[in-house]
There are 2 protein chains.
Amino acid sequence: MASAPTPPVSAVKITDVAAAAGVAPMTVSRVLNTPERVSPGTAERVRAAIDALGYVPNLIAGGLSSRRSRMIAAIVPTIASPMFAEPVQSFTDAMGRAGYHVMLALSGYGEADEATLIRAVLARRPDGLLLTGARRSPEASRLLATARVPVVEIWDTAEQPTDMLVGFDHEEVGREVAAYFRAQGHTQFAFLGASDIRATARGRGFAQGGLAAQATVKAPGTIVEARQAFRAMARKLTSRTALFASSDLIAFGVLTEARAMGISVPDQLAVCGFGDFELSRGASPAITTVHVDGIAMGVLAAEHLVARLAGRAEGHAHRALVPFRIVERDTT
Amino acid sequence: MASAPTPPVSAVKITDVAAAAGVAPMTVSRVLNTPERVSPGTAERVRAAIDALGYVPNLIAGGLSSRRSRMIAAIVPTIASPMFAEPVQSFTDAMGRAGYHVMLALSGYGEADEATLIRAVLARRPDGLLLTGARRSPEASRLLATARVPVVEIWDTAEQPTDMLVGFDHEEVGREVAAYFRAQGHTQFAFLGASDIRATARGRGFAQGGLAAQATVKAPGTIVEARQAFRAMARKLTSRTALFASSDLIAFGVLTEARAMGISVPDQLAVCGFGDFELSRGASPAITTVHVDGIAMGVLAAEHLVARLAGRAEGHAHRALVPFRIVERDTT
DNA sequence: TTGTAAGCGTTATCAT
DNA sequence: ATGATAACGCTTACAA
């Protein structure tokens, strides 16, 4: 379709620098990649030539030659939520420190064509992959297997991760929240959550731990939807209820609506969110929530990947669990 | 540092497919890139071979050869804010439909070493660049100039964009908000804002339009900081005040604190935010805010870039303004 | 410490 | 419509 007239992107190449510095191209390459193997004097001359010419190495050529792209592809559903933004940000930083660029691809929810995305991404020959969740379609698994690329999956656990995994058990989160509520003397439980696979797992764990979850409503992903859903749900909530929301946004919606309805928190209604977004700390009342260390998740994922890429995979387990904790605030 | 033993990423290459299909490599390449130039029968055989072998084309080799990476690099300060997440998401989608991958790089605020990041990104030879804001350091400008890569800058305006630009005037936003407040009979103004360059510009415009902005407080970026800042500021606010916050998060902090202090909204205090985040619609009272069409910004940026890459840059202006509007809700 | 030669896997270009 | 050949800009492997 597009047919640009092949413009010279950056005329300056390694041979130009080599000529200017009076050395062989290979020496320029060494100055850039293994400076310790070049004499200081030569290195200085080469660097001067690089600066003078404004040389920017072509990593695409280097990658083809070395068969290492020094690039990691990360696939996440969305960056619009702090849920993924945080680990992605820290993963990117950590990989950057190790000399890798991270290429971010957005999949949206619905694993319909995750395989297609993975395929597209593999075409760029990343040295490694960061994936969200631990459920892969058979097609995706096949692709990953034949590509033989190190893979880290985050945000979830699974019996059989594709390769490495850094996450936590969402059902366990639900169970812990239920246990926390029970310890507070609650006997009536409700769950309000989004329909994505991990939110559902948290709801399932909560129902197990809560023994008698009186109400489980699904679907809302936004504050406004949560308010509507809670308004509908509230009618059935006759006595003191402990509600677990699948995200802080939903918890906030519930609390906003509860205030409008004159329901007292935490006396008549106790609420626990998930994610520990800034909103939960900043809102009044401050929202009790489950904190997951997203930064640590990103850093850990990077460490695993870097270890593998450096060939020292032995020291690292293939599965790492990221801790979570309930942050008790005003709504419980 | 890392020295992996050069593993065969995906053994299958174009010559393998060609051999399996009984054609020349070039024919396989044509099936993939210009199928209309291959006879249906041959194409079918080739595709069968591709599927059978699980061939994933090596775009890194293709890019070196064709000098087109089919990749766009996007540099944004952060994805943790919906401010940037939205246009980035829509830009990515739109470029994807045009056959380009978007590689996202996070710069953080502070243009300290933006040039370094740009340099790193240019090493991958992107076909185009998406940058945030319109202020480039001399070093960055030099890099971009010598790279001769199409550049779109978003989120701002400038007299001299680097190349193409899709944004809006932040001072004008401030002036419009001031005008809106004045039309409502306000005479006392305050601004509470983050210290980044665009927030500052909105505050400047607001001060111009408000004639007598009584208080301008800077720094807060989070809800909690905004609450503290407002509490300090509130003492000086003796009469009915119209406050413009540099983001909806800050507006929310102000409103939360105002409620705690017993300040009635919008009677004693009118508040307008910026960004039209989900929170503003979902909160109670719903927050009046400035809506900027981030989706449109991303799509427009993509259109400009695609047009340029397709060689038909003439039809498009180099500057496009994205509309913004005040969304009137309960806090004014 | 530095250089030479031979690819890396694909596509542009020119033939057929 | 298909093929042969020569790059693309760099790095690996080996030599000096």
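Per chain, numbering begins at 1; letters A, B, ... match sequence-line order.
- For DNA chain C, the neighbouring residues in residues 16-24 of chain A, judged by any heavy atom under 4.0 Å, are V23(A), A24(A).
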What do the steps show when you test T132(A) against E153(A) for side-chain hydrogen bond (donor to acceptor under 3.5 Å, both in side chains), and what is the final call? CA-CA 6 Å; T132(A) 313; E153(A) 292 168 313; over 6 Å; no
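- For R142(A), the salt bridge (Lys or Arg N to Asp or Glu O under 4.0 Å) test picks out E139(A), with sequence neighbours left out.
- At whole-Å resolution of the value, CG in L53(A) and P in dG9(D) are 15 Å apart.
- Of the two residues near DNA chain D, M26(B) and N58(A), the one whose nearest nucleotide lies more 5' is M26(B).
- No hydrogens or angles were tested; on distance alone, nothing pairs the side chain of S66(B) with the base of dT11(C) as donor and acceptor under 3.5 Å.
- Residue R125(A) contributes atom CZ, which lies 18 Å from atom C1' of dC10(D) at whole-angstrom precision.
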Pairs: protein N or O with nucleotides 14-16 of chain D N or O, under 3.5 Å:
none

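- Between the CD1 atom of I14(B) and the P atom of dG7(C) there is a distance of 19 Å, given to the nearest Å.
- Side-chain nitrogen and oxygen atoms of S29(A) include at least one within less than 4.0 Å of the OP1 or OP2 phosphate oxygen of dT11(D).
- A donor atom on one side chain and an acceptor atom on the other are not found under 3.5 Å apart for S81(B) and T78(B).
- Taking atom CG of residue L64(B) and atom C1' of nucleotide dT11(D), one finds them 12 Å apart after rounding to whole Å.
- In this structure, the side chains of R124(B) and I60(A) stay at 4.5 Å or more apart for every pair of heavy atoms.
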Under the side-chain hydrogen bond (donor to acceptor under 3.5 Å, both in side chains) criterion, do S137(B) and E114(B) qualify, and how do the steps go? CA-CA 8 Å; S137(B) 68; E114(B) 189 201 36; 4.8 Å; no
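- Atoms CZ (R70(A)) and P (dT11(D)) sit 11 Å apart, rounded to a whole Å.
- A donor atom on one side chain and an acceptor atom on the other are not found under 3.5 Å apart for H101(A) and R70(A).
- At dC10(D), one or more side-chain N or O atoms of Y55(A) fall inside 4.0 Å of OP1 or OP2 (strictly under the cut-off).
- Every residue meeting the salt bridge (Lys or Arg N to Asp or Glu O under 4.0 Å) condition with D163(B), not counting sequence neighbours, appears here in chain and number order: R308(B).
- Residue R67(A) places none of its side-chain N or O atoms closer than 4.0 Å to OP1 or OP2 of dC10(D).
- Under the side-chain contact (heavy atoms from CB on, under 4.5 Å) criterion, D156(A) pairs with A134(A), H170(A), R198(A), not counting sequence neighbours.
- Between I72(B) and L129(B) the shortest side-chain heavy-atom distance does not fall below 4.5 Å.
- Between P25(B) and V38(A), the one whose closest nucleotide on DNA chain C sits nearer the 5' end is V38(A).
- When rounded to the nearest whole Å, the span between CD of E36(B) and P of dT2(D) equals 13 Å.
- A side chain to side chain contact (heavy atoms under 4.5 Å, CB included) with L106(A) holds for exactly one of I79(A), L117(A), I75(A); it is I79(A).
- Atom-to-atom distance recorded for R119(B):CZ and Y55(A):OH is 10.0 Å, nearest 0.5 angstrom.
- The stretch residues 39-51 of chain B comes close to DNA chain D through S39(B), T42(B), each having a heavy atom under 4.0 Å from the strand.
- For dG3(C), the OP1/OP2 oxygens have a side-chain nitrogen or oxygen of T27(A) closer than 4.0 Å.
- The separation between I60(B) atom CD1 and dT10(C) atom C1' is 11 Å, rounded to whole Å.
- Donor-acceptor pairing under 3.5 Å, judged by distance alone, is present between the side chain of S65(A) and the base of dG7(C).
- What you find for P150(A) and L305(A) is that their closest heavy atoms are CB-CD1, 3.8 Å.
- Counting to the nearest Å, the P atom of dA13(D) and the CZ atom of R37(A) are 11 Å from each other.
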